[in-house]
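Lettering of chains follows the sequences in order, A, B, ..., and the numbering in each one begins at 1.
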Amino acid sequence: MTTNLQQMPPLLEVRGLTKMFPATIALSEVDFSLRAGDVHVLVGENGAGKSTLIKLITGVHRKDGGTILLEGKEIDPRSPRHAQELGISTVYQEVNLIPTLSVAENIFLGRQPMRWGMINMRAVERQAKQLLQDFNVDIDVTRNLSSYSVAIQQIVAIVRGVSLSVKVLILDEPTSSLDHQEVEMLFSVIRSLQERGIGIILITHFLDQVYAIANRVTVLRNGKKINEHLISELPRVQLITEMLGKELTQDTHSRDDTSTSKNTNRVPFLKVNGFARKGTIEPFDLEIRQGEIVGLAGLLGSGRTEVAHLIFGIKQNDSGEAYVHGKPTTIKSPRQAIRHGFGLCPEDRKVEGIIGDLSVRENIILALQAKMGWFNYLSRQKQNELANDMIKALSIATPNAEKPVKELSGGNQQKVILARWLISNPDFLILDEPTRGIDVGAHAEIIQIIKRLADEGKAMLIISSELAEIVAYSDRVMILRDRKKVRELEGDDVNENTIMHAIAAD
Amino acid sequence: MKSRFIPLLMTFIVFAAMYLFAYSRFSSFGSMRIVGNLLRDNAYWGIAAIGMTFVIISGGIDLSVGSVIAFTGVFCALMIGRNGWDPIPTFIVMLTIGTFFGATMGMLIHYFKIPPFIATLSGLFLARGMAYVLSTESIRIDHPFYESVSKLVYIFPDKGRFTFVAGAFLLVLFIGIFVAHFTRFGRNVYAMGGNPDAALLLGVPTGRTTVMIYALSSFLATFAGIVLSLSKQSGDSTIAVGLELDVIAAVVIGGTLLTGGVGYVIGTFIAVMTLGTIQTYLTLDGSLTPWWIKIVIGVLLFGFVGLQKLLSSRQGLRLFSFGRDRKELQQSA
Ligand SMILES: Nc1ncnc2c1ncn2[C@@H]1O[C@H](COP(=O)(O)OP(=O)(O)OP(=O)(O)O)[C@@H](O)[C@H]1O
Ligand SMILES: [Mg+2]
């Protein structure tokens, strides 16, 4: 650590911060300090207490102990609004904007430019457009927020955050739904904010991003601060070890070749020919055999989710045919798909999956119970068994299976939904971004589970933005670009380099 | 056409259709006489409906408005007609009581997390009970002020009368539109209805706003009670029973989503005028009982809730189709 840095007074300082929830100590005696112009990354496993730390600083939760100092003066943020007035602005883990208001209004809610005592709507729209253009995003700001993709909504949230006159900007996993290009865009803005002397706290699970943008890292584990480092002095292995409290058994080899050759003898489970839907995706062929994993790669918006939706019957194809076990089949609704033994774990789990007030156990059992029919009730004992198995297998951080899901940390909620689809035991499982927001430890765990399921004979189609991950489990990889299947890679071609080139352009 | 305007457009089409139909049967619908009367006769519940629009946009409901109107009427009649108070101070006192009453319901809803349905249901019983306690009989008001207000009219060339009450209605309408769209309070109301959790995180003062929303609704209900008292020149604890349901129906027919976040004050006004037109038509026609209005409300309500479902599911579907936005992004890059 250079003496120069030590002498600079911290912009934001936290001492002995503690937060207790019923049955959980979310944060215990945590010290943390942020200097002006720093990008300070918080890392830790799912449930480590990262979001809780943020929520205490921004007044979402009230602290049970400790002090928070902003520019040397003690503060006690009572609400996000209060924190905002103090100069601390936040973009939360889940997109937290108003879907029914326009993009422009979302950016300026609560601080609209006024003229003659009334909101100057034209100025709101003009300034919103300008702010977005600084991010190279040129969209119609008068349209409802809900008509835009998650990525754009996230960018809008960030634009809102940085357009406040901030001293401290906090970003809680802002990049988990952004693609490569968009992350770069965001990082360039972060760098320019950094130059303006704003202190930035960033939470992310992507270690590459940590090394790309951070100058300081604080590691949390089980609600405690483990260590603080200058990024330049922290080797990756040490970072992971500190996060997990143990060494990670790396496993990123591709699946062994024997299983691939085995697969060619296997019966195809699903085959689609010339599947297409106008304006959504151009005709594509795809064959998935039992016990085979097909990865689906492409940029955000290249049509990956649409392929999944078409196959699962959420959207209907307007040309092409499908065969299940070689028999011609129509899949016009998710119900039909489920009857053929399909399962889909969706991308936007917040909207499409989680039921916050139900317990972890109830959320996990939901799909299985629905498949069995509600009259064929699973005994409580069986439910407990299944739920506890999954909590162990995915290391879901929860004191017990009866905790309401909404009280889990973001990453652990993801795991619960994944568990739901894993136990419903389909013949063919589609996973849309199964590891988003999940920490490195559980990440490896999930990849193991995916491989095991394939070895048990399930056919799988997996969408992921992480190439290393796709390479780790895929037998074949289908590449999409601009809503078109551009290539299919097999065997030795399944490596990051080839995929990257195929995604970009040949 | 933005999809959020579709319900409003439907509201207007229904109104235009109804009005033209009425006009085709009775040419008097083309005169200022009917227009003036429509404004006058529907002013009191129209004013309450404008307050209700804010409540429903915020994702809440206010069941107490009918009772508040009745209580106001009785209170004014008792104070002015019996106790000889001057009208203006009486109104000020009554508006203060009403606002305070609404603010209390808002506090119960926000700070004690009592569902709006329950909090305002107790408000309904409380205000109605108080009205009965004050007086069970109808009280007349004979006061020079009331006389002069009733003479305060603008007469159109065709003898149509634009009354003080109608003017008050239009004034509330304009202020309502202004508050909804051009003040931070108004936009916060929309934000809370769109996503209450996010609104809090975005720095919307949800507590204060909730209190203000219910205070506003009760204030306008009280004002509606005063308006009714001015045109009826009496107070009666049995009036406006169940009026809150008509008011809620008008707000929904006016294109406001019951789930909150979307709605227009002008839509509520058009819906009130639509129902008023039908009522007037039924009265003029005479061959059908006026109770047909209830059936029409039922049908319209059903149609509009159906439309809302349709639109919201279309919006839901759009969440899945990222295509267009992506293209827009790339074009800009
Ligand atoms: N409202 C709540 N009620 C009860 N427990 C809670 C609540 N919010 C968080 N917790 C618990 O506090 C702990 C820390 O959660 P937190 O959200 O801070 O984790 P995190 O580090 O942000 O994880 P992730 O990477 O998954 O987002 C978790 O065990 C969680 O279950
Ligand atoms: Mg979190």
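Scanning all heavy atoms of the two residues, the minimum distance from Y190(B) to I98(A) falls at O-CG2, 4.3 Å.
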Identify every side-chain donor-acceptor pair in residues 251-275 of chain B under 3.5 Å, counting partners at least two apart or on other chains, and give the distances.
| unit_1 | atom_1 | unit_2 | atom_2 | d |
| --- | --- | --- | --- | --- |
| T268(B) | OG1 | T53(B) | OG1 | 2.7 |
| T274(B) | OG1 | I270(B) | O | 2.7 |

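Listed options T58(A), L109(A), N106(A), V60(A) were ranked by heavy-atom pairs under 4.5 angstrom with chain B; first place goes to L109(A). If you tally non-hydrogen atom pairs under 4.5 Å between each of R160(A), E85(A), M121(A) and chain B, the highest count goes to R160(A). If you tally non-hydrogen atom pairs under 4.5 Å between each of T183(B), D197(B), L202(B), L200(B) and chain A, the highest count goes to L202(B). Considering only heavy-atom pairs separated by less than 4.5 Å from chain A, the leading option among A191(B), G186(B), G193(B), A199(B) is A191(B).
A166(B) is linked by a side-chain contact (heavy atoms from CB on, under 4.5 Å) to L39(B), F162(B), T163(B), counting only residues two or more places apart in sequence or in another chain. Every residue two or more places apart in sequence or in another chain that forms a side-chain contact (heavy atoms from CB on, under 4.5 Å) with V172(B) is listed here: I47(B), I50(B), L220(B), F223(B).
With a 4.5 Å cut-off on non-hydrogen atoms, Q112(A) touches chain B through its backbone and its side chain both. Heavy-atom distances place both the backbone and the side chain of P205(B) under 4.5 Å from chain A. Interface remark: F178(B) contributes side-chain atoms only to the contact with chain A (heavy atom separation under 4.5 Å).
Contacts between residues 108-121 of chain B and chain A, defined by a heavy-atom separation under 4.5 Å, are made by no residue at all.
Side-chain contact between I88(A) and I57(A) is present, with heavy atoms from C-beta onward closer than 4.5 Å.
Side chain to side chain, E433(A) and S465(A) meet the donor-acceptor criterion of an N or O pair below 3.5 Å.
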